K.L.:
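Okay, here's the structure, questions in a sec.
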Number of protein chains: 2
Amino acid sequence: MEFPGYRPLYRQVYDIMVEKVAKGVWRAGESLPSEQALARELGVSQGTMRKVLDAMTAENLLERHQGKGTFVASNTQERSLFRFFRMVTPDGERVTPARGVETVVVRAARTIEQKRLDLPKKQRVIEITRTRLLEGRPAILETIILSASLFQGIETRRPLPNTLYSLYQTDFGINIISTEEQLRPDIANKDDQKMLGAPLGAPIQCIDRIAKTLQDRKVEWRLSRIYAPNLAYAVTLS
Amino acid sequence: MEFPGYRPLYRQVYDIMVEKVAKGVWRAGESLPSEQALARELGVSQGTMRKVLDAMTAENLLERHQGKGTFVASNTQERSLFRFFRMVTPDGERVTPARGVETVVVRAARTIEQKRLDLPKKQRVIEITRTRLLEGRPAILETIILSASLFQGIETRRPLPNTLYSLYQTDFGINIISTEEQLRPDIANKDDQKMLGAPLGAPIQCIDRIAKTLQDRKVEWRLSRIYAPNLAYAVTLS
DNA sequence: GAGTGGTCTAGACCACGCA
DNA sequence: GCGTGGTCTAGACCACTCT
């Protein structure tokens, strides 16, 4: 690993600004000072400041609106769904899930969970198991693992909202900005039959997702089993 | 639909440059004139030209290298695979497919094909059916539909390369820059059993892909059936 | 009209690749 | 040492929003 002997100014400013946003110097949805003010504050030109703010906007970290100002991006419910929930009808229209039943337990972390979430040893985790409805029918069986120390008290919030990521942000200061997903096909087992009404042996889409914060910290591991014969998982690669 | 009464200069320059790249004014892999030269040629400042070139770089249309120049992005085989082929091992390591058997036919387009590829009526299509190997085993069964007029003569090129997108680019001047995919789980049928050695009823990942050019023209429709028990389809959302 | 982000320019200097 | 892209600045003007 070569350490860069040269660090552009805008890179340094970028790191400072990301740090500030991550630390919550400004709340989600709140407006930042103007370009001018920030540039003065950090002792750089307005052009350099702009480069930084534009970069952060491109990464969905900030939102800028001409005439209004620069705002910390907020995972509103719709936006959060729109970004990370990818199921569509054959026509390409997005569907949105509704809440089903849920159970929450706090327990010791298993080895695999420690590994997937980079948890320290002896860490406790929160396990959320829930179903979600698509088109009025139970269609998704989800197991969600969270670090108990990061999400202290989430087990007492019942019922949980449908879009957990906005809850993470508003109540725990944790802003999910990217996810890594792996998809595998599977066939319905007895659990799927019981919870989703899927015939044994029916095709199931399994999604294994790790959700990460700004600083690339892995904070949620989610396993979803989806039985939705008429829907597909849509993604655009470019 | 409001028509924008105001068109920034860099937008106009962007459109001109994209048009030039699309028309093949410079070949894939070739270098463009320098920022300075292009700016002079189009009568804008170097800063504006830079903004355009940077935007095109961000869209994988150009590549820029300090000290060397600006180049038309080329879908080299590895790059093309890296971008659009998403299968990974449980550890997250990418696997690359190898060529299997293939058949090519030219025939009249079906209604569904006309619709998916926005083809004019009476258009003929080329249908490529092939298998691809993963880890030495037949694992992917693919049906590829192309407009016969765009890819005239491709049916005589046997064997076809593993990475079709570089062939489209080098021999037909068609540069795939984005794809829209829909994933659905399915269970193995007799074809899958025969061609891939999948047990009847085994889980199969189906991918329905439309590939698009720079101008958002839909040029390829590809249906893949994947039987790969130890692999997953990986994607990062951000 | 005041304040914000958005565009555009001109010019200086830096880092990199290559001959 | 030259030419390339990469960084940084200072300043002008434009478009949008709100009051």
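Below, chains carry the letters A, B, ... as their sequence lines are ordered, and counting in each starts from 1. Please read these numbers as outputs of a predicted model, since none were measured by experiment. All values below come from the heavy atoms of this structure, side chains included, with hydrogens, waters and symmetry mates left out.
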K.L.:
For each nucleotide in nucleotides 8-16 of chain C, reading 5' to 3', give B when a protein heavy atom comes within less than 4.0 Å of its base, S when such contact involves only the sugar-phosphate, and - otherwise.
P.N.:
SB-----BB
K.L.:
Just how far, in rounded Å, is C1' of dT4(C) from NE2 of His65(A)?
P.N.:
12 Å
K.L.:
Report yes if at least one side-chain N or O of Thr70(B) is closer than 4.0 Å to OP1 or OP2 of dT4(D); otherwise report no.
P.N.:
no
K.L.:
Measure the distance from CZ on Phe71(B) to P on dG3(D) and round it to the nearest whole Å.
P.N.:
17 Å
K.L.:
Take atom CD of Glu35(B) and atom C1' of dG5(D), then tell me their distance rounded to the nearest Å.
P.N.:
6 Å
K.L.:
Glu63(B) has an atom CD; how far is it from atom P of dT4(D), in whole Å?
P.N.:
18 Å
K.L.:
Count the heavy atoms belonging to other residues, nucleotides or ligands that lie under 6.0 Å from CZ of Arg99(A), then report whether that count exceeds 12.
P.N.:
yes
K.L.:
Run through Arg40(A), Arg50(A), Lys51(A) and flag the one making a salt bridge (Lys or Arg N to Asp or Glu O under 4.0 Å) with Glu35(A).
P.N.:
Arg50(A)
K.L.:
Can you find a donor-acceptor N/O pair under 3.5 angstrom joining the side chain of Arg50(A) to the base of dG5(C)?
P.N.:
no
K.L.:
Give the intermediate values and the outcome of salt bridge (charged side-chain N to carboxylate O under 4.0 Å, His left out) for residues Asp15(A) and Arg7(A).
P.N.:
CA-CA 11 Å; Asp15(A) 289 345; Arg7(A) 257 177 97 66; 2.3 Å; yes
K.L.:
Would Arg94(B) count as a cation-pi partner of Phe82(B), with NZ or CZ less than 6.0 Å from the six-membered ring centre and within 45° of the ring normal?
P.N.:
yes
K.L.:
Can you find a heavy atom in the side chain of Asn162(A) that is under 4.5 Å from one in the side chain of Phe85(A)?
P.N.:
no
K.L.:
As an exercise, state the distance from CZ of Arg64(A) to CG of Leu53(A), rounded to the nearest 0.5 Å.
P.N.:
4.5 Å
K.L.:
So, does Arg83(A) use its side chain to make a donor-acceptor pair with the main chain of Ile177(A) at under 3.5 Å?
P.N.:
yes
K.L.:
Scan side-chain atoms only and decide if Thr236(A) and Glu180(B) contain a donor-acceptor pair under the 3.5 Å cut-off.
P.N.:
no
K.L.:
Would you say the side chains of Gln123(B) and Gln114(B) form a donor-acceptor pair under 3.5 Å?
P.N.:
no
K.L.:
When you measure from every atom of DNA chain C, which of residues 53-62 of chain A have a heavy atom less than 4.0 Å away?
P.N.:
none
K.L.:
Is any side-chain heavy atom of Met87(A) less than 4.5 Å from a side-chain heavy atom of Tyr233(A)?
P.N.:
yes
K.L.:
Can you measure Tyr14(A) atom OH to dG6(D) atom P for me and round it to whole angstrom units?
P.N.:
18 Å
K.L.:
Enter the inter-axis angle for the ends of the helix from dG1(C)-dC18(D) to dC18(C)-dG1(D) (five pairs per end, rounded to 10°).
P.N.:
10°
K.L.:
Any chance CD of Glu41(A) has more than 12 other-residue heavy atoms, nucleotides or ligands included, within less than 6.0 Å?
P.N.:
yes
